[in-house]
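First the structure, then my questions, so here it is.
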Amino acid sequence: ILQNLKSTASSKLVITSAAFQDHIMRSLLHFSFSDPLWRRSRSKHPRPGEEVEERDLQRRDEREEREYVLGPALPPLTLAQKLGLVASPGEILTEDQWTRVKSRSVQQEESAQPCAICREEFHLQPQVLLSCSHVFHRACLQAFERFSGRKRCPLCRREPYETRVIHDAARLFKHQCATRIQAYWRGYVARKWYRTIKKTICPKDKRLRRQFFEARLQELNDSFVRYCHTDTEAFLSDIDRSLSSSRRVFQQLEKKSVSKPRENDWDRIKSQVIQRDVWDCPICLTRRPAVLLSCSHLFHQICLEAFEAFCADSRPVCPLCRSVYHKKLI
C-alpha cells in the first residue's frame with residue numbers, strides 16, 4: 001500500500017512538474033510572439049506588398065466604419081490551467097458585454113472628450129474602446145503599448161484588456177460639422193433675404209427713409225452713367241468750348257453795357273472815393289495815386305499800366321472788383 005501511495009504521489013509530482021513546465025514554456029513562447037517590441041523589430045523589414053495590403057485594409061475599414069475586436073484569439077488552456085494549478089485567463093467578451101461596455105462609455109462621454117494620451121480631439125482618426133470602457137486613439141494606444149511593453153490601461157491600470165474599434169467620435173465630429181455647415185448656410189440665406197428686403201421695402205423711420213431714397217437715386221445715376229457710352233475726353237472738350245464761348249458772350253455784353261462816364265458821373269465817383277477815405281494804391285500799397293477808375297478805385301498810373309501790360313485779355317479789368325473800367329487822371 002505504501003509502495004502504491006509512493007508511486008501515486010511520484011506520478012502526481014511528475015504530472016504537476018510537467019504541467020508547470022508546459023505552462024511556463026507556452027507562456028514564454030506566447031509572450032515572445034505577442035511582445036510589441038518584438039513585433040516592432042519584425043515590422044522594420046516588411047515583405048513586398050505587405051504595406052500596400054495593410055493600407056488597403058485600413059482604407060476599407062475606414063470606409064465601412066464597422067466595429068470589430070482587435071487582437072488575436074485567446075490561446076488554448078495549458079495542462080496546468082486545466083488541472084487548476086494556474087488561474088485560467090478570462091473569457092473573451094461577448095457581444096452583449098461589449099454593448100454594456102460601450103453604453104457605459106457613452107454615459108461617461110468618453111468619445112466627446114480628447115484622447116487621454118495625446119490630449120487631442122478624435123475627429124476622424126481611428127479610435128479604440130477598451131474593455132474597461134476607456135477610449136483612446138488607436139495609434140496612441142499602440143505607441144503606449146510599445147513604450148510600456150505590456151497591455152495595461154493608461155487610466156485605470158487594468159491588465160489585461162481587450163480592444164474594439166469604434167467610430168463614435170467620427171460620427172459625433174461629422175454631426176458637428178453638418179450642424180456648423182447648416183448654421184452657416186442658414187445665416188447666409190437670412191443675410192441675403194435681409195439685404196433683398198432692405199433694398200425693396202422702404203423703412204418707416206425718417207432718417208432711414210431718406211437714406212433709402214438717396215441710395216435709390218444713386219443707383220439710378222450710376223446706371224444712367226453706365227449705360228451712356230460717352231467719350232470722356234470729348235465730353236470735357238465740349239465743356240471747355242462751351243465755357244470759352246460763354247466768356248466771349250459775357251465780354252461782348254460788358255463792352256456794350258459799359259459806356260464812357262460824363263463829368264457829372266466823375267463827380268459822383270469822386271464823392272464815393274471821398275466817402276470811402278482810402279487813398280492807398282492797392283497794387284504798391286503807397287499813397288498819392290494819380291488815376292481814378294470808373295469803379296471808384298484809385299491806382300498809380302505806373303502800377304496800372306504794368307497791370308494792363310501783364311493781363312492777357314484785350315480789355316483788362318479792375319484788379320479789385322474785376323469790372324471793365326474807364327480811367328481818368330486826377
Exercise for review: Mind running side chain to side chain contact (heavy atoms under 4.5 Å, CB included) on Q176 and T179 for me, showing each step along the way?
Suggested key: CA-CA 5 Å; Q176 293 176 353; T179 304; 5.6 Å; no
Check your understanding: If every non-hydrogen atom of T163 is compared with every non-hydrogen atom of V69, which pair is closest and at what distance?
Key ->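 So the minimum-distance heavy-atom pair works out to O-CG1, 3.3 Å.
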Point to revise | Stepwise side chain to side chain contact (heavy atoms under 4.5 Å, CB included) test for K327 and L329 | key: CA-CA 7 Å; K327 58 186 177 179; L329 295 175; over 6 Å; no
Review point. Would you find a donor on one side and an acceptor on the other, under 3.5 Å apart, between the side chain of Q108 and the backbone of S105?
Key: no
Review point. H297: what forms a ring-ring contact (aromatic ring centres under 6.0 Å, His included) with it, not counting sequence neighbours?
Key: none
Review point. Any sub-3.5 Å donor-acceptor pair from R276's side-chain atoms to S296's backbone N or O?
Key: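 Pair found, side chain donor or acceptor close to backbone of S296.
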Review point. Under 6.0 Å from the CD1 atom of I302, do we count more than 12 heavy atoms belonging to anything else shown?
Key: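 Atom CD1 in I302 is not crowded, with 12 or fewer foreign heavy atoms closer than 6.0 Å.
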Point to revise | Reported NZ-to-CG distance for the pair K151 and L130, which is rounded to 0.5 angstrom | key: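 One gets 8.5 Å once the value is rounded to the nearest 0.5 Å.
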Revision key, fill the gap. Hits for salt bridge (Lys or Arg N to Asp or Glu O under 4.0 Å) against K328, two or more places apart or cross-chain, chain-then-number order -> E263
Exercise for review: May I ask you to test the D168-L129 pair for a side-chain heavy-atom distance under 4.5 Å?
Suggested key: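 Answer no - side chains too far apart.
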Practice item. Output, in order, the C-alpha distance, side-chain angles, deciding distance and verdict of side chain to side chain contact (heavy atoms under 4.5 Å, CB included) for L172 and F122. Key: CA-CA 10 Å; L172 182 61; F122 288 101; over 6 Å; no
Review point. With a cutoff of under 4.5 Å between side-chain heavy atoms, which Ile, Leu, Val, Met, Phe, Trp and Tyr residues group with F212?
Key: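 Reading the cluster by chain and number, F212 sits alongside F213.
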Review point. Where the side chain of Q127 meets the backbone of A169, is there a donor-acceptor pair that is under 3.5 Å apart?
Key: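 Present.
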Exercise for review: List for me each residue that meets side-chain hydrogen bond (donor to acceptor under 3.5 Å, both in side chains) alongside E214, sequence neighbours excluded, and say none if there are none.
Suggested key: R210
Practice item. Run the salt-bridge test on K102 and E95 with the 4.0 Å N-O cut-off and return the result as yes or no. Key: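 Salt bridge absent between K102 and E95.
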Review point. How would you list all residue pairs meeting salt bridge (Lys or Arg N to Asp or Glu O under 4.0 Å) that involve residues 104-127, not counting sequence neighbours?
Key: none
Check your understanding: With a 3.5 Å cut-off and no angle check, do the side chains of W279 and D277 form a donor-acceptor pair?
Key -> yes
Exercise for review: Considering non-hydrogen atoms only, spot the tightest contact between Y325 and S294 and give its length.
Suggested key: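 Closest heavy-atom pair between Y325 and S294: CA-OG, 3.3 Å.
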**Study point:** Exceeds 12 heavy-atom contacts within 6.0 angstrom, atom CZ of R262
**Key:** no
Practice item. Supply the atom-to-atom distance I166 CD1 to Y68 OH, rounded to the nearest 0.5 angstrom. Key: 12.0 Å
Check your understanding: What distance do H300 atom NE2 and L285 atom CG have between them, rounded to the nearest 0.5 Å?
Key -> 10.5 Å
**Study point:** Results of side-chain hydrogen bond (donor to acceptor under 3.5 Å, both in side chains) for R100 - residues two or more places apart only
**Key:**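 Applying side-chain hydrogen bond (donor to acceptor under 3.5 Å, both in side chains) to R100 gives none.
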Practice item. Test L304 against Q301 for side chain to side chain contact (heavy atoms under 4.5 Å, CB included), laying out the working first. Key: CA-CA 5 Å; L304 188 61; Q301 185 176 2; 5.9 Å; no
